[in-house]
**Student:** 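Pasting a structure below so you can have a look.
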Amino acid sequence: RLEIVCVAGPAELVPRVVKGVSPRQKVYSLMDVSVSMGDAYKLIFAKSIMLSYLIKAHEEDAQLFFRAFAGGTSDRIDCLTPEQFGPLASTVLRYGLSFGTDVARALSFAIQDIRAIDRLQERERAQTEILLISDCETQSAVPTIPRGITLHTLQLTGGTEGYREEGWYR
């Protein structure tokens with residue numbers, strides 16, 4: 001059984017342009033590729049959601065930033081021009097499973113990158129929002145998200161029931 005827990009609210013998952021705000025929205029996406037995402041096809045579902053989200057944001061001329069994570073965090077992929085979207089989409093689809101889950105490290109990278117991308121001064125509101133897609137099965141403490149940075153989380157749950165009954169799963 002696969003269940004989606006939408007922490008931020010479904011309407012907030014779709015990028016949008018708001019009057020009075022720069023029409024060039026910035027979207028920073030983090031996708032969990034840890035082994036636990038293989039349960040109940042969560043990784044396939046995560047890729048589908050991520051790609052749908054990135055397509056919509058790309059259609060709205062957003063600047064896109066992407067990292068995958070498990071025990072480590074991938075290099076950041078930037079999509080700032082229409083020509084860069086194909087390679088980004090291809091990369092999202094190619095990711096396989098990897099060991100470990102360090103959500104804290106991935107979020108720390110994202111926060112650090114956003115401060116640089118938006119050239120934030122203390123207490124300024126970021127133009128870049130974070131989308132995190134994960135099953136959130138992690139042992140690490142998640143860092144505090146600084147004021148002004150918006151985090152949207154899509155938590156995919158389920159798929160471990162059979163393993164737990166037989167004692168195979170952590």
**Student:** With a 4.5 Å cut-off on side-chain heavy-atom distances among I, L, V, M, F, W and Y, is there a chain of contacts connecting F109 to L132?
**Tutor:** no

**Student:** Between T73 (side chain) and F69 (backbone), is there a donor-acceptor pair under 3.5 Å?
**Tutor:** no

**Student:** Please list, chain by chain and in numerical order, all residues satisfying side chain to side chain donor-acceptor pair (under 3.5 Å) with R115, sequence neighbours excluded.
**Tutor:**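 In terms of side chain to side chain donor-acceptor pair (under 3.5 Å), with neighbours along the sequence ignored, R115 is linked to no residue.
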
**Student:** List the atom of Q63, the atom of L80, and the distance in Å for their closest heavy-atom pair.
**Tutor:** CB-CD2, 3.8 Å

**Student:** Keeping D39 on the side-chain end and G158 on the backbone end, is there a donor-acceptor pair under 3.5 Å?
**Tutor:** no

**Student:** Are the side chain of Q84 and the backbone of T81 linked by a donor-acceptor contact shorter than 3.5 Å?
**Tutor:**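 Checked: pair present.
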
**Student:** If you take all heavy atoms of V142 and A104, which pair is closest and at what distance?
**Tutor:** CA-CB, 4.3 Å

**Student:** Tell me, please, which residues at least two apart from F85 pass ring pair (Phe, Tyr, Trp, His ring centres under 6.0 Å).
**Tutor:** H58

**Student:** Which residues pass the side chain to side chain donor-acceptor pair (under 3.5 Å) test with E59, sequence neighbours left out?
**Tutor:** none

**Student:** Closer than 3.5 angstrom, by distance alone: can the side chain of S90 be matched with the main-chain N or O of G86 as a donor-acceptor pair?
**Tutor:**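 No; judged by distance alone, with no hydrogens or angles, the pair does not exist.
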
**Student:** Does any part of the side chain of M37, heavy atoms only, come nearer than 4.5 Å to the side chain of I44, both counted from C-beta?
**Tutor:** no

**Student:** S34: which residues meet the side chain to side chain donor-acceptor pair (under 3.5 Å) condition with it, sequence neighbours left out?
**Tutor:**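 S34: side chain to side chain donor-acceptor pair (under 3.5 Å) contacts with D32, S36, T101.
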
**Student:** Determine, using the 4.5 Å side-chain heavy-atom cutoff (strictly less than), whether L156 and L54 are members of one ILVMFWY cluster.
**Tutor:** yes

**Student:** About how many Å separate CG of L30 and CG of L154, when rounded to the nearest 0.5 Å?
**Tutor:** 12.5 Å

**Student:** So do the side chains of K26 and E129 get within less than 4.5 Å of each other, counting heavy atoms only?
**Tutor:** no

**Student:** Show your working on side-chain contact (heavy atoms from CB on, under 4.5 Å) between T128 and V27 and close with a plain yes or no.
**Tutor:** CA-CA 5 Å; T128 306; V27 176; over 6 Å; no

**Student:** Which pair of heavy atoms, one from I133 and one from M50, lies closest together, and at what distance?
**Tutor:** CD1-CE, 3.7 Å

**Student:** Answer with yes or no whether the hydrophobic clustering places I130 together with F65; edges join I, L, V, M, F, W, Y residues whose side-chain heavy atoms lie under 4.5 Å apart.
**Tutor:** yes

**Student:** Within this structure, what is the CD-OG distance for the pair Q112 and S108, rounded to the nearest 0.5 Å?
**Tutor:** 8.5 Å

**Student:** Please round to the nearest 0.5 Å and tell me the distance separating atom CG of L64 and atom CG of L88.
**Tutor:** 6.5 Å

**Student:** Output the distance between atom CD1 (I49) and atom NZ (K42), rounded to the nearest 0.5 Å.
**Tutor:**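 With rounding to 0.5 Å, CD1 (I49) is 12.0 Å from NZ (K42).
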
**Student:** Run the side chain to side chain donor-acceptor pair (under 3.5 Å) test against T144 and tell me which residues pass, sequence neighbours left out.
**Tutor:** none

**Student:** Side-chain contact, heavy-atom cut-off 4.5 Å: S134 with V103?
**Tutor:** yes

**Student:** Just do the side-chain contact (heavy atoms from CB on, under 4.5 Å) check on Q127 and Q25 with the steps written out, would you?
**Tutor:** CA-CA 7 Å; Q127 293 176 328; Q25 184 179 5; over 6 Å; no

**Student:** Under the salt bridge (Lys or Arg N to Asp or Glu O under 4.0 Å) definition, can you give me all pairs with a residue in residues 77-93, not counting sequence neighbours?
**Tutor:**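 Qualifying pairs: R76-D78.
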
**Student:** Per the salt bridge (Lys or Arg N to Asp or Glu O under 4.0 Å) rule, what does the pair list look like for residues 92-107, sequence neighbours excluded?
**Tutor:** none

**Student:** Could you tell me whether the side chain of Y53 reaches within less than 4.5 Å of the side chain of L131, counting heavy atoms only?
**Tutor:**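 Yes. Closest side-chain heavy atoms under 4.5 Å.
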
**Student:** Using the side-chain contact (heavy atoms from CB on, under 4.5 Å) criterion, which residues pair with A68? Sequence neighbours excluded.
**Tutor:** V33, F66, S74, Y95

